[in-house]
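Each chain gets a letter, A, B and so on, in the order its sequence line appears, and its residues count up from 1.
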Number of protein chains: 2
Amino acid sequence: MDTLETRELRYFVAVAEELHFGRAAERLGMAQPPLSRAIQQLERRLRVCLLERNRRGVRLTGAGEVLLQEARAALDAAAAAVRRTRRAGGADGPGGPRGRLVLAVKAAASHELLRKLLDAYAAEPDSAEIEVLPCGIREQEELLRDGRADVALMHTPWNSLAGFDSEALAAEGQVAVLPAGHPLAARETLSLAEVRDIPGLPLARWPTRGSYVPGPGPEIHNQTQLAQLIALGRTVAVVPESARSWLWAEHAAVPVPDAPPVVTHLAWPAHSRSLTLAGLVRTAARL
Amino acid sequence: MDTLETRELRYFVAVAEELHFGRAAERLGMAQPPLSRAIQQLERRLRVCLLERNRRGVRLTGAGEVLLQEARAALDAAAAAVRRTRRAGGADGPGGPRGRLVLAVKAAASHELLRKLLDAYAAEPDSAEIEVLPCGIREQEELLRDGRADVALMHTPWNSLAGFDSEALAAEGQVAVLPAGHPLAARETLSLAEVRDIPGLPLARWPTRGSYVPGPGPEIHNQTQLAQLIALGRTVAVVPESARSWLWAEHAAVPVPDAPPVVTHLAWPAHSRSLTLAGLVRTAARL
DNA sequence: GCCCTGTCATACCCGGCGGGTATCACCGCG
DNA sequence: CGCGGTGATACCCGCCGGGTATGACAGGGC
């Protein structure tokens with residue numbers, strides 16, 4: 001009556017994402033009619049209209065939008081339950097697992113800090129093994145929510161810490177990265193407004209939440225690409241100071257004091273009780 | 001294979017909490033044998049031992065403890081999905097519900113602030129109705145997680161903001177509340193150490209996470225009881241300044257500068273996308 | 001206007017599995 | 001040694017989740 005099975009949530013998410021019963025059924029590996037019936041039962045049990053069936057395709061109602069959000073969160077939680085329980089299944093003591101930790105990091109971000117953290121933790125008595133899982137910056141939050149990772153190095157303001165516990169580890173300013181020969185490369189500092197308005201050198205754009213904001217600059221997919229485009233004099237970017245470590249000889253970095261500071265956090269699921277994780281956090285706090 | 005139904009999670013939580021298959025089955029409204037079988041299937045599918053069956057009763061393994069935590073979180077998420085979807089089912093527009101908001105507050109806490117917030121929000125154009133749901137301080141987090149409430153007034157350091165988004169609204173110092181006639185009531189300020197060591201006047205204890213830390217002072221269950229015990233000269237307490245509003249004539253309040261400041265936050269589930277909630281937060285941020 | 005196509009809904013059947021009852025195996029205890 | 005109380009096993013049944021076949025209906029091309 002007032003409880004949904006994860007099966008029903010999976011079905012609804014598939015339909016809500018595909019907006020097409022046939023494709024959703026195919027994705028779920030089942031036939032279309034039982035899927036239609038399941039969604040109807042769901043709507044009847046919730047006494048809520050979730051989908052608008054126009055003869056041509058399907059649209060979400062407001063309640064449907066809400067359920068899509070909530071169902072994804074609930075499915076993530078269920079998947080996390082499986083993953084974390086399986087991982088805890090090996091060696092553990094009462095009160096929490098003592099196994100490996102999976103640490104999700106945006107590839108190449110905060111490299112120095114990460115090395116220091118791993119070294120310091122490895123030197124601790126009875127420290128656990130840490131698996132470093134490189135991934136995209138948007139992926140980190142998903143990995144943490146659905147249990148594929150236990151802890152992540154996140155960077156505000158790009159990552160959202162919503163839904164996680166966290167410990168701030170370091171803050172740094174940002175620098176504008178220009179082609180070495182550019183006239184502005186000799187400046188002591190630049191303002192954000194100046195960087196945005198360099199004639200003939202549009203600001204690079206990277207995806208936020210999967211899509212790009214419109215603008216003149218090139219769309220960046222990875223750091224190597226960005227480095228190359230800057231070296232070629234096609235774009236300019238504002239990045240954290242620690243990015244100096246991967247700059248090329250053809251690059252110049254100029255501090256941008258009015259850019260928002262970037263804070264590196266260690267973040268983990270809010271309700272985590274793992275003793276191993278607690279050890280890592282303690283180490284990190286002492287850095 | 002790698003997905004659990006909420007039914008299985010419910011079953012496991014019941015067994016893990018009762019530590020007794022018979023009682024758990026009764027609580028679930030079913031017979032014991034199918035429950036035993038379901039838990040065995042769960043363990044086989046996860047390939048993890050969750051329970052130690054000693055001839056006399058049952059104990060949780062480490063993995064079982066982990067699953068208990070995770071399962072509770074996942075069930076809360078599923079319950080929240082139902083509640084929020086049902087509430088969104090009424091009047092709504094695209095992008096989020098425009099219905100009532102349920103605001104969970106610890107009874108009588110931050111009364112002035114709450115009144116100001118509600119008044120300011122009601123004065124906004126197209127503000128929604130706000131239902132104030134008074135509850136205990138530990139209950140707030142649960143209500144928010146399982147969807148019975150949309151937003152809460154929380155107080156650090158007593159509440160944990162882990163897992164929620166929040167906006168700090170106000171900070172205040174703490175005061176010691178003594179019987180009016182007590183010699184120390186005339187002091188300008190007191191230190192925490194002094195309050196703790198008043199001869200014949202032990203510090204009141206309130207429950208943290210459902211249980212009381214041991215100590216000489218009386219165990220407090222509600223504010224009226226606390227007020228009475230202080231007035232009778234049986235105990236002393238350290239409370240936020242704003243509590244002056246409910247003090248009696250027989251009470252005296254003395255500032256305690258070295259007590260941790262109490263910050264009142266507006267908190268809501270991390271992934272919330274409600275437009276109505278966004279309006280309330282905007283109003284709160286302007287207070 | 002016609003039919004064809006693509007959509008979701010309906011009708012009906014079947015097998016698996018979730019749940020019930022009866023019973024067992026085992027241990028502690030008086 | 002029997003008794004009570006635990007969880008596990010054996011067996012049966014009915015329901016419901018899923019499949020196939022088909023219907024209803026709207027839009028588009030000719």
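- A donor-acceptor contact under 3.5 Å is formed by the side chain of A:Gln32 with the base of C:dA9.
- Comparing D:dG7, D:dG18, C:dG20 by their closest approach to the side chain of B:Met30 singles out C:dG20.
- Closest approach to the A:Pro34 side chain among C:dA9, C:dG20, D:dG19 is made by D:dG19 (side chain taken as heavy atoms from C-beta onward).
- Here B:Glu5 lies out of heavy-atom contact (under 4.0 Å) with every strand.
- Neither side chain, B:Gln40 nor B:Ser36, offers a donor N or O lying under 3.5 Å from an acceptor on the other.
- In this structure, B:Leu35 places its CG atom 16 Å from C1' of C:dC17, rounding to the nearest Å.
- Listed nucleotides D:dG7, C:dC8, C:dT21 differ in distance to A:His20; the shortest reach to its side chain belongs to C:dC8.
- In this structure, CD of A:Glu8 is placed 12 Å from C1' of D:dC16, rounded to the nearest angstrom.
- With a 4.5 Å cut-off on side-chain heavy atoms, A:Arg27 and A:Arg10 do not count as touching.
- Put simply, OH on A:Tyr11 is 15 Å from P on D:dC16, counting in whole angstrom units.
- In this structure a side-chain-to-backbone donor-acceptor pair under 3.5 Å is present from B:Glu43 to B:Leu51.
- Counting any heavy atom pair closer than 4.0 Å across all strands shown, B:Gln41 reaches sugar-phosphate atoms only and no base atom.
- Contacts of B:Arg7 with the nucleic acid, taken as non-hydrogen atoms under 4.0 Å apart, involve only primed sugar atoms and P, OP1 or OP2.
- Of the listed nucleotides (C:dA22, D:dG7, C:dA9), D:dG7 has the atom at the smallest distance from the side chain of B:Ser36.
- No hydrogens or angles considered: nothing links the side chains of A:Thr61 and A:Glu65 as a donor-acceptor pair under 3.5 Å.
- Atom CZ in B:Arg10 sits about 14 Å away from atom C1' in C:dG19, given to the nearest Å.
- Protein atom CD1 of A:Ile39 is 14 Å distant from nucleotide atom C1' of D:dG17, rounded to whole Å.
- The side-chain contact (heavy atoms from CB on, under 4.5 Å) test with A:Trp268 singles out one residue from A:Leu103, A:Asp165, A:Leu101, and that residue is A:Asp165.
- Nearest-nucleotide mapping onto DNA chain D: of B:Arg23 and B:Gln40, the residue sitting toward the 5' end is B:Arg23.
- Closest approach to the A:Pro33 side chain among D:dG19, D:dA21, C:dG20 is made by D:dA21 (side chain taken as heavy atoms from C-beta onward).
- For A:Arg37, taking side-chain heavy atoms from C-beta onward, the closest of the listed nucleotides D:dG17, C:dC8, C:dG18 is D:dG17.
- Atom P of nucleotide D:dT6 and atom CZ of B:Phe21 are separated by 12 Å, given to the nearest angstrom.
- Note: CD (B:Glu18) to C1' (D:dT6) measures 15 Å, nearest angstrom.
- The nearest whole Å value for the distance from the CZ atom in A:Arg45 to the P atom in D:dC16 is 11 Å.
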